[in-house]
Q: 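Have a look at this one before I ask anything.
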Amino acid sequence: MSSEFSLAKEIEKVLAKNRGATDDEEQEAVDSCDSISENDEFEYDEECGEEEEEEVVEISENEMLALLDAERDPFEVCSQIFDKEKLFGDEHPEGEIIVSPNLTIKHLRELHQKGFVVIDNFIETEEANEIYSLTKRIAHTFKPACELKKSIEDSCDDKFRDNLARSDLIKWLHPKDFTTNDNSSSSYCSHCTDNEEDIILWKNNHTLRNIVLNKFKVIQQRLHEFAPCIKREDEGMELMWSLYRETGTFYEKHRDSFPSNGKDEGPLDQRKVTALLYLNTEWVDENDGGMLRVFVKPENHSKHTERITKEINPIACRLVLFLSGAVDHEVLKSFKDRVALTSWFS
Ligand SMILES: O=C(O)CCC(=O)C(=O)O
Ligand SMILES: [Fe+2]
């Protein structure tokens, strides 16, 4: 998760509320935490300001999310990124295509309402097949995600990271990898140790270039139109290429960011929408594993914290979009090599 905001204040506010504090007491607690630095994100003094008998509360990302969720429905917060007039107005009919060939206004409306949406046949099977084969060919250049930065922006030495939470291999990409003629390791991919031959293989691949520049970049631009807090520039976009080996590779339940409406609620500079494009032309059925399990709200939910699970098969050419700050998700053990391109729009 990106954390460019004073999480300490946010935490203290939630905890103060949890302790049953009044609004004034809550503000006092927040004010007295002004000196907490961002590096202290998940470790802070419950009685801010009291020197003696400091009781340090350690809180994990998941515990923090549970506290925030108890306060406010994350789906409600995150869906506010959209300009509702634009999304539901007559100006854009349901069938209007947002990103060719088949991402429509209807899908964005579903993303707003349910928090996630699945779009099949977003690329051609031949394209998926080509990238799937390419991934296996240069698999030796992918690195264990748990050893790398959590995102392009994050610092590497994140002491809160749970290295056992995931076992996938990844490579960071960037649109600039495909718009410059430089055949060196990507500057956005500081961990890359590819030799020049391998780099040429993926940087000069027209299909990959097309997916990055004419799919993911266009999704970003179009999302910005309907959710103006999402950046239009490449800087607000992270692009990850992942490989889950067939040996039971997994990613435990997690959330990609803290809930934010991009305006006045939650940390503003967070991932807002996650986009996943699956390239698994060899995936047959559930026995191959690797399903994406999402924890979403039931249709007529009475309690806002209620969740149901849905399993999404990672079939080739399937695009999945979800609200990064609302949808908990996990990748079930994979028994066939599983390839995806994932992007986060902030
Ligand atoms: O590949 C997937 O289906 C999800 C991966 C994921 O959750 C992540 O990388 O944050
Ligand atoms: Fe994720």
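Note that these values count all heavy atoms, side chains included, but never hydrogens, waters or copies made by symmetry. Indexing begins at 1, ligand by ligand and atom by atom, following the structure's order.
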Q: Please name the atom of His329, limited to N, O or S, that comes nearest to the Fe ion (ligand 2).
A: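 His329's closest N, O or S atom to the Fe ion (ligand 2) is named NE2.
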Q: Check whether any N or O atom of Tyr278, backbone or side chain, sits under 3.5 Å from an N or O atom of ligand 1, and answer yes or no.
A: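 For ligand 1, there is an N or O atom that lies under 3.5 Å from one belonging to Tyr278.
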Q: Run through Thr309, Thr274, Asp256 and flag the one making a side-chain hydrogen bond (donor to acceptor under 3.5 Å, both in side chains) with His329.
A: Asp256
Q: Relative to Phe178, does Lys203 satisfy both conditions: NZ or CZ under 6.0 angstrom from the six-membered ring centre, and within 45 degrees of the ring's axis?
A: no
Q: Is it true that, when you exclude Arg232 itself, more than 12 heavy atoms of the residues, nucleotides or ligands shown sit nearer than 6.0 Å to its CZ?
A: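 It does not: Arg232 CZ has 12 such atoms or fewer within range.
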Q: Using modelled atom types and a 3.5 Å cut-off, is there a donor and acceptor pairing between side-chain atoms of Asn280 and backbone atoms of Glu282?
A: no
Q: Quick one: report the N, O or S atom of Asp256 that is nearest to the Fe ion (ligand 2).
A: OD1
Q: I'd like to know if the side chain of Arg255 reaches the main chain of Gly325, judged simply by a donor and an acceptor atom lying under 3.5 Å from each other, with no hydrogens or angles considered.
A: yes
Q: Taking the six-membered ring for Trp, are Phe88 and His112 closer than 6.0 Å centroid to centroid?
A: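 Yes, the ring of Phe88 comes within the 6.0 Å limit of the ring of His112, centre to centre.
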Q: Could you tell me whether His329 and ligand 1 have an N or O pair separated by under 3.5 Å?
A: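 Yes - when backbone and side-chain N and O of His329 are compared with those of ligand 1, one distance drops under 3.5 Å.
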Q: Distance under 6.0 Å and angle within 45° of the ring axis: does Lys231 meet both against Phe345?
A: no
Q: Under 4.0 Å, heavy atoms only, figure out whether ligand 1 is touched by the backbone of Asp256, its side chain, both or neither.
A: side chain
Q: Anything under 30° is parallel, anything over 60° is perpendicular, the rest tilted; go ahead and classify Trp202 against Trp241.
A: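 Trp202 vs Trp241 ring planes: perpendicular.
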Q: What residue and heavy atom of the protein are closest to atom 1 (O) of ligand 1, and at what distance?
A: Arg338 NH1, 2.9 Å
Q: Is ligand 1 less than 4.0 angstrom away from at least one heavy atom of Phe322?
A: no
Q: Test of understanding: given a 4.0 Å heavy-atom threshold, classify the contact between Met240 and ligand 1 as side chain, backbone, both, or neither.
A: side chain
Q: Quick one: does NZ or CZ of Lys86 land under 6.0 Å from the six-membered ring centre of Phe226, within 45 degrees of the ring axis?
A: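 Yes; both conditions hold, so Lys86 lies above the ring face of Phe226.
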Q: Return the closest protein heavy atom for atom 8 (C) of ligand 1 as residue, atom name and distance.
A: Tyr251 CE1, 3.5 Å
Q: To which protein heavy atom is atom 10 (O) of ligand 1 closest, and what is the distance rounded to 0.1 Å?
A: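 Nearest neighbour among protein heavy atoms for atom 10 (O) of ligand 1, to 0.1 Å: His254 NE2, 3.2 Å.
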Q: Can Glu330 be said to touch ligand 1, with heavy atoms closer than 4.0 Å?
A: no
Q: For atom 5 (C) of ligand 1, what's the nearest protein heavy-atom neighbour? Residue, atom name and distance, please.
A: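 Among all protein heavy atoms, the one nearest atom 5 (C) of ligand 1 is Tyr244 OH, 3.7 Å.
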Q: Consider ligand 1: state whether an atom of it lies below 4.0 angstrom from any non-hydrogen atom of Leu276.
A: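 In this structure, Leu276 qualifies as a contact of ligand 1 - some heavy atom is under 4.0 Å.
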